[in-house]
Amino acid sequence: MNSQDVILGILMKEALTGYQIKQLLENVFSNFYSSSYGTIYPTLTRMEKEGLITKENVLQDGKPNKNLLNITPKGRECFNTYLLAPLEGDSIRKSDFMMRLYFGEFVGYDKVVGWLVEASPGCITKKVRSIT
């Protein structure tokens, strides 16, 4: 899991500005993903060049224009590839498991249960299997 995967997941839900993405990373994802302010905007620039996202300039009255970021079909495919890949090991600052659970709505119930079984100790694994 890297910043690109997380940003693509965020944009799967809705189009946002870079500032809104930064706020989500700080407020929602900070317990299981750590990204510095200095990596967000260069990552967005690279993702736009690679055709994973597009930028729409939105005019605002009395305020500076804002750039609304949208995920492209190529970006959706890239994000789905990440979600369907094997779970990565967690570190102190990043939890691939928690990130995938957060975005579980995009893969369905069976895949999420599979992640729970894979990541759970023996007694929880038996419990999860008994309800599926």
Side-chain angles (χ1 to χ4, degrees):
M1 165 190 54
N2 55 40
S3 295
Q4 174 179 296
D5 299 327
V6 178
I7 292 169
L8 288 173
I10 290 170
L11 293 175
M12 288 283 286
K13 293 181 179 262
E14 65 180 317
L16 297 169
T17 65
Y19 177 77
Q20 290 170 314
I21 291 170
K22 178 183 148 321
Q23 292 298 106
L24 282 170
L25 288 171
E26 290 175 355
N27 299 321
V28 175
F29 296 98
S30 62
N31 290 318
F32 49 93
Y33 184 76
S34 177
S35 179
S36 70
Y37 179 77
T39 63
I40 297 167
Y41 289 99
T43 300
L44 290 172
T45 300
R46 181 184 50 76
M47 291 169 64
E48 184 180 16
K49 286 179 184 173
E50 292 176 3
L52 302 174
I53 60 173
T54 58
K55 188 177 357 177
E56 174 188 351
N57 194 298
V58 177
L59 302 175
Q60 300 186 105
D61 288 332
K63 298 181 195 176
N65 297 345
K66 66 180 178 181
N67 293 315
L68 197 59
L69 304 166
N70 292 284
I71 191 168
T72 65
K74 182 178 178 182
R76 289 180 187 281
E77 182 180 327
C78 185
F79 181 69
N80 287 329
T81 298
Y82 156 69
L83 277 184
L84 297 175
L87 279 173
E88 300 171 11
D90 289 348
S91 67
I92 293 172
R93 295 183 158 206
K94 296 181 181 180
S95 174
D96 185 54
F97 174 70
M98 293 298 294
M99 189 62 68
R100 289 178 195 233
L101 286 181
Y102 184 86
F103 293 120
E105 68 187 273
F106 299 113
V107 293
Y109 177 80
D110 291 338
K111 188 68 173 173
V112 172
V113 169
W115 292 334
L116 290 168
V117 169
E118 183 179 340
S120 299
C123 63
I124 295 176
T125 301
K126 290 176 189 172
K127 180 86 171 162
V128 170
R129 286 186 180 147
S130 71
I131 62 171
T132 59

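Values below: all heavy atoms of this structure, side chains included; hydrogens, waters and symmetry mates excluded.
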How many angstroms lie between atom CZ of R100 and atom CG of L116, to the nearest 0.5 angstrom? 12.5 Å
Nearest heavy-atom pair of G18 and L44: which atoms, and what distance? CA-CD1, 3.9 Å
Check L69 against L11 and note the closest heavy-atom contact, atom names and distance. O-CD2, 3.5 Å
For F103 and M12, what are the C-alpha separation, side-chain angles and deciding distance, and is it a side chain to side chain contact (heavy atoms under 4.5 Å, CB included)? CA-CA 9 Å; F103 293 120; M12 288 283 286; 5.9 Å; no
Within the supplied structure, the quantity of interest is the number of heavy atoms (other residues, nucleotides, ligands) at a distance under 6.0 Å from E77 CD; does it exceed 12? no
Which atom names give the shortest non-hydrogen contact between P64 and Q60, and what distance separates them? O-NE2, 2.6 Å
Where is the tightest heavy-atom contact between F97 and L87, given as atom of each residue plus distance? CA-CD2, 4.1 Å
Quick one: do L16 and L24 satisfy side chain to side chain contact (heavy atoms under 4.5 Å, CB included)? Show the steps, please. CA-CA 10 Å; L16 297 169; L24 282 170; 3.6 Å; yes
Scanning both residues in full, the closest heavy-atom pair of T39 with S3 reads OG1-OG, 4.1 Å
Please evaluate residues L84 and F106 with respect to the criterion side chain to side chain contact (heavy atoms under 4.5 Å, CB included), reporting the C-alpha separation (whole Å), side-chain torsions for both, the decisive distance (0.1 Å), and the verdict. CA-CA 10 Å; L84 297 175; F106 299 113; over 6 Å; no
Test item: Q4 and L8 side chains (from C-beta on) under 4.5 Å apart, heavy atoms: yes
With rounding to the nearest 0.5 Å, note down the distance linking CG in D5 to CD in E88. 7.0 Å
Under a 4.5 Å cut-off applied to non-hydrogen side-chain atoms, are I10 and L25 in contact? yes
In sequence, state the C-alpha distance, the side-chain angles, and the governing distance for T17 and N67, and then conclude on side chain to side chain contact (heavy atoms under 4.5 Å, CB included). CA-CA 6 Å; T17 65; N67 293 315; over 6 Å; no
Is the side chain of K74 donor-acceptor paired with the backbone N or O of E50 at a distance under 3.5 Å, no angle test? yes
Result for side-chain contact (heavy atoms from CB on, under 4.5 Å) between Y109 and one of V113, V112, V107 points to V113
Is there a path of hydrophobic side-chain contacts, each under 4.5 Å between heavy atoms of I/L/V/M/F/W/Y residues, joining V28 to L101? yes
4.5 Å side-chain heavy-atom contact, M98 and F29: no
Is the terminal nitrogen or CZ of K13 (NZ for Lys, CZ for Arg) located under 6.0 angstrom from the six-membered ring centre of Y102 and within 45° of that ring's axis? yes
Does the side chain of I7 come within less than 4.5 Å of I71's, by heavy atoms? no
When rounded to the nearest 0.5 angstrom, what distance separates CZ in R46 from CD1 in I53? 9.5 Å
How about L83 and W115: do any of their side-chain heavy atoms sit closer than 4.5 Å? yes
So how far is it from I21 CD1 to T43 OG1, rounded to the nearest 0.5 Å? 10.5 Å
Mind checking the CG-CG spacing from D96 to N2? Nearest 0.5 Å is all I need. 10.0 Å
CE (M47) and OG1 (T54) are apart, to the nearest 0.5 Å, by 10.5 Å
Smallest heavy-atom separation, T72 atom then G51 atom, equals OG1-O, 2.6 Å
